[in-house]
There are 2 protein chains.
Amino acid sequence: MSASSKVRLAEVAQLAQVSEITVSRVVRGAANVSPETVQRVEKALEQTGYVRNRLAGSFGGRTSNQIAVILPSLSNIVFPDVLYGLEERLDASGYHPILGISNYDAERETRLIASLLEWQPAGIVIATANLSQRARILLTRAPCPVVEIMEIDTDPVDMAVGISQVQAGKSIAYYLLGRGYTSFGYIGHDLTRDRRAAARRAGFRSALQEAGFEFDQVLEAGGTSSVTLGRQLTAEMLSMGAPRLIYYSNDDMAMGGQFEALARGMAVPDTLALASFNGLDLGQAAPIPLTTVGSRRGEIGTAAADQILKRLAGEDTSRFIDVGFKLIPGASA
Amino acid sequence: MSASSKVRLAEVAQLAQVSEITVSRVVRGAANVSPETVQRVEKALEQTGYVRNRLAGSFGGRTSNQIAVILPSLSNIVFPDVLYGLEERLDASGYHPILGISNYDAERETRLIASLLEWQPAGIVIATANLSQRARILLTRAPCPVVEIMEIDTDPVDMAVGISQVQAGKSIAYYLLGRGYTSFGYIGHDLTRDRRAAARRAGFRSALQEAGFEFDQVLEAGGTSSVTLGRQLTAEMLSMGAPRLIYYSNDDMAMGGQFEALARGMAVPDTLALASFNGLDLGQAAPIPLTTVGSRRGEIGTAAADQILKRLAGEDTSRFIDVGFKLIPGASA
DNA sequence: TTTCGGTATGACAGCGCTGTCATCTCCGTA
DNA sequence: TACGGAGATGACAGCGCTGTCATACCGAAA
């Protein structure tokens, strides 16, 4: 192989005694090139160490195999799980994600959308934080498929893949009401930024209200969710006289609750019951497996990728994909 | 704003009564354009709803603001933490990561390097899984800075940012020897794939050997690390008569161990002591905070980004950046 | 007044590839 | 033998922008 990094189609073409376009066809795996020519070109490709220039190719061919992916956070395993599913499926089809993290910040989200659009991506997958008016316009005008992921409660610009966060909250509340609980507390992280956690809480609350109950105590703190925060807030709530059951914004927070209870020697679920959302491995491997709702994060990623790929292939796509959730009874409530 | 998505510089230029190149200069924030012209052009930009075409720009200008990022996994919080630090810093400088996940597979890793290189990235950040010969050649010839992250034990193609995984293992072993432990077990996930976990184990073992000890028991299982796996293997090891202390491949695994111990009512650290690596929030919020080694994952990401940015700015860069680790005494050993 | 340097702007070519259409060869069939 | 059609290959233009160099203009210095 040549050591140079500046090999063009022309050089390969000359070596293989064919035209540039033929080399281009071979590189792209086109059909109508004779086997002998393919072989000759591939040898020349090998010898020259040719590296395809996608910038030129995508520009000239007016196509890109990049997919813009915008997520609000990577601070717990939820979005990495989604991202993994997404990357897996995209990679298998020859696409690559360009990543942006909005940090749950509307302005940064808008800026990311704008700047990733400049790359003429073949599609956009976004877990919205808090779409600004301008961001919504940008997405609406985007000349490519747009998939909003995680929730299907709100009206998407183009397509949505996820679950109903409201129903997820409501469902576990029904289950807990069925178990006979009558005293409820809520512990959460910064819900002004995490709209989906807020939706679950709203769903939970509405189910309570249908049954004539309300949260007796609510404790929220700014910042991202974490096991530490969950533990702190639980300690705080316990010091004020705890409710019988605490619903947490997610599994990480609930694990903090379980840790606090274990450290205090409180019986879970007999004295204090815990419930939450996500169905993480962590919560299920815990001494007292969490009563929670399993979200299918990897599936959200793969389904989102499928929606994009389908659309690009000209197939029909549906506006909403509900990947569904699952109640995990656990042992903590 | 115009609704069309096909606005070119030419259209904006015509509206603003200037040449294309002047519009281009304004879009790119160039210096020598008079304030009045800038204003006129910006108005036209606004009116037309112009979206910069980076494909054309990068191609024409022979520069890209994309950085290839290749990670082996997203299955625990470690790499997402790194990725977050990386994205944060890159974004602040106007760069975007294009992501690939190798899944600890050498062939896929090679393929990812090759296909991301085709995008003419401005830099490459890679947490190598198991570099093939071809992959190494590709990286060596890459016409851009290359940062290998996570470990600094091996010889990098260009630059390395991370910690000495061997020293991380060795250091905690010294600490535990200092605490008087004399009976050791090891529990790990698939180390044939996770080279860095293997390096920590090697470091730990070499410290033991210096002191005349060896692992009395070693238990490993294929697959990725998880709390569940850690718990299962711990149960298995306990059923065979446990060592006094178990060193785990990482915090997730060790949390599984702690859960198993708690579930059995075993006293930690008095009957069974646990130690591991990563210093996750989870482990520190646990009922018995883990004795572990804190890795500075976010810093690895930001430092890697800095290396790339420095190099691109023509500044000096060092071949190795050791972000350092920190012993976290915890309470589990 | 003339000269000169600096600032603002524009003309032009070309980045490396691919879409499109044309051409050529080679068969099988009428 | 002539012809149509499929398969293989090539010529050519152009994707939308930016690097480079040229030009126009202006005020200050000689």
Side-chain angles (χ1 to χ4, degrees), chain A residues 2 4-42 44-45 48-66 94 115 117-122 143, chain B residues 2 4-42 44-45 48-66 94 115 117-122 143:
Chain A
S2 142
S4 166
S5 59
K6 282 284 153 215
V7 183
R8 320 255 134 80
L9 281 184
E11 185 179 328
V12 181
Q14 190 173 17
L15 213 167
Q17 305 273 54
V18 293
S19 66
E20 291 185 35
I21 189 69
T22 298
V23 179
S24 173
R25 286 186 182 120
V26 172
V27 167
R28 287 180 291 162
N32 9 338
V33 182
S34 73
E36 307 84 60
T37 308
V38 169
Q39 203 170 16
R40 201 146 34 89
V41 170
E42 279 178 344
L45 248 13
T48 53
Y50 175 75
V51 174
R52 188 173 173 183
N53 184 339
R54 288 254 180 198
L55 237 35
S58 291
F59 169 54
R62 287 162 287 282
T63 59
S64 161
N65 69 349
Q66 297 192 141
S115 66
L117 270 174
E118 296 179 348
W119 280 102
Q120 322 283 112
Chain B
S2 142
S4 165
S5 59
K6 282 283 155 215
V7 183
R8 319 257 135 79
L9 281 184
E11 186 179 326
V12 181
Q14 189 173 18
L15 213 168
Q17 304 274 52
V18 293
S19 66
E20 291 185 35
I21 188 70
T22 298
V23 179
S24 172
R25 286 184 183 123
V26 172
V27 167
R28 288 180 290 161
N32 0 340
V33 183
S34 74
E36 306 85 60
T37 308
V38 168
Q39 203 171 15
R40 201 146 33 90
V41 170
E42 278 178 345
L45 249 12
T48 53
Y50 175 75
V51 174
R52 188 173 173 184
N53 184 338
R54 289 255 179 198
L55 237 35
S58 291
F59 169 55
R62 285 159 288 285
T63 58
S64 161
N65 69 348
Q66 297 191 141
S115 65
L117 270 173
E118 296 179 348
W119 280 103
Q120 324 283 113

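Side chains are part of it too, since the values below use all heavy atoms of this structure and drop only hydrogens, waters and symmetry mates. Lettering of chains follows the sequences in order, A, B, ..., and the numbering in each one begins at 1.
- Nearest-nucleotide assignment on DNA chain C puts the 5′-proximal partner with Val38(B), out of Phe59(B) and Val38(B).
- Arg25(B) comes within 4.0 angstrom of a base, heavy atoms only.
- The salt bridge (Lys or Arg N to Asp or Glu O under 4.0 Å) check on Glu118(B) picks up Arg54(A), with sequence neighbours excluded.
- Note that the two end axes of the helix from dT1(C)-dA30(D) to dA30(C)-dT1(D) enclose an angle of 50°, each drawn from 5 base pairs, rounded to 10 degrees.
- Looking at residues two or more places apart in sequence or on another chain, you find a side-chain hydrogen bond (donor to acceptor under 3.5 Å, both in side chains) between Thr22(A) and Ser19(A).
- Proximity of residues 16-24 of chain A to DNA chain D (heavy atom under 4.0 angstrom from any strand atom) is restricted to Val18(A), Ser19(A), Ile21(A), Thr22(A).
- Pro121(A) approaches Ser64(A) most closely through the heavy-atom pair CA-OG, 4.3 Å.
- Contact detail for Ala13(A) and Glu20(A): the closest heavy-atom pair is CB-N, 3.7 Å.
- Trp119(A) places a side-chain heavy atom less than 4.5 Å from the side chain of Ser58(B).
- Residues Gly60(B) and Arg40(B) each lie close to DNA chain C; by heavy-atom proximity, the contact nearer the 5' end of the strand is made by Arg40(B).
- For DNA chain D, the outermost nucleotides in 5' to 3' order that have an atom under 4.0 Å from a heavy atom of chain A are dA8(D) to dG16(D).
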Sequence neighbours left out, cut at 3.5 Å: what donor-acceptor pairs do the side chains of residues 28-38 of chain A make with other protein atoms?
{"from": "Arg28(A)", "atom 1": "NE", "to": "Ser24(A)", "atom 2": "O", "distance (Å)": "3.4"}
{"from": "Arg28(A)", "atom 1": "NE", "to": "Ser24(A)", "atom 2": "OG", "distance (Å)": "3.1"}
{"from": "Arg28(A)", "atom 1": "NH2", "to": "Ser24(A)", "atom 2": "OG", "distance (Å)": "3.0"}
{"from": "Ser34(A)", "atom 1": "OG", "to": "Thr37(A)", "atom 2": "N", "distance (Å)": "3.3"}
{"from": "Ser34(A)", "atom 1": "OG", "to": "Thr37(A)", "atom 2": "OG1", "distance (Å)": "2.7"}

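- Here Thr63(A) pairs with nothing under the side chain to side chain contact (heavy atoms under 4.5 Å, CB included) rule; sequence neighbours left out.
- If you check every strand for non-hydrogen atoms under 4.0 Å, Thr37(B) touches sugar and phosphate atoms only.
- Residues Val23(A) and Tyr50(A) have side chains not in contact (no heavy-atom distance under 4.5 Å, counting atoms from C-beta outward).
- Remark: Asn53(B) engages Gln120(A), Leu55(B), Ala56(B) in a side chain to side chain contact (heavy atoms under 4.5 Å, CB included) (not counting sequence neighbours).
- In this structure, Arg8(B) CZ and Glu11(B) CD are separated by 8.5 Å, a value rounded to the nearest 0.5 Å.
- Exactly one of Val41(A), Val12(A), Leu45(A) qualifies for a side-chain contact (heavy atoms from CB on, under 4.5 Å) with Val27(A). That residue is Leu45(A).
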Collect all protein-nucleotide pairs involving nucleotides 22-26 of chain C in which both atoms are nitrogen or oxygen and the distance is under 3.5 Å.
none

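- Across all strands, Asn53(B) comes closer than 4.0 Å only to sugar-phosphate atoms, never to a base (heavy-atom distances).
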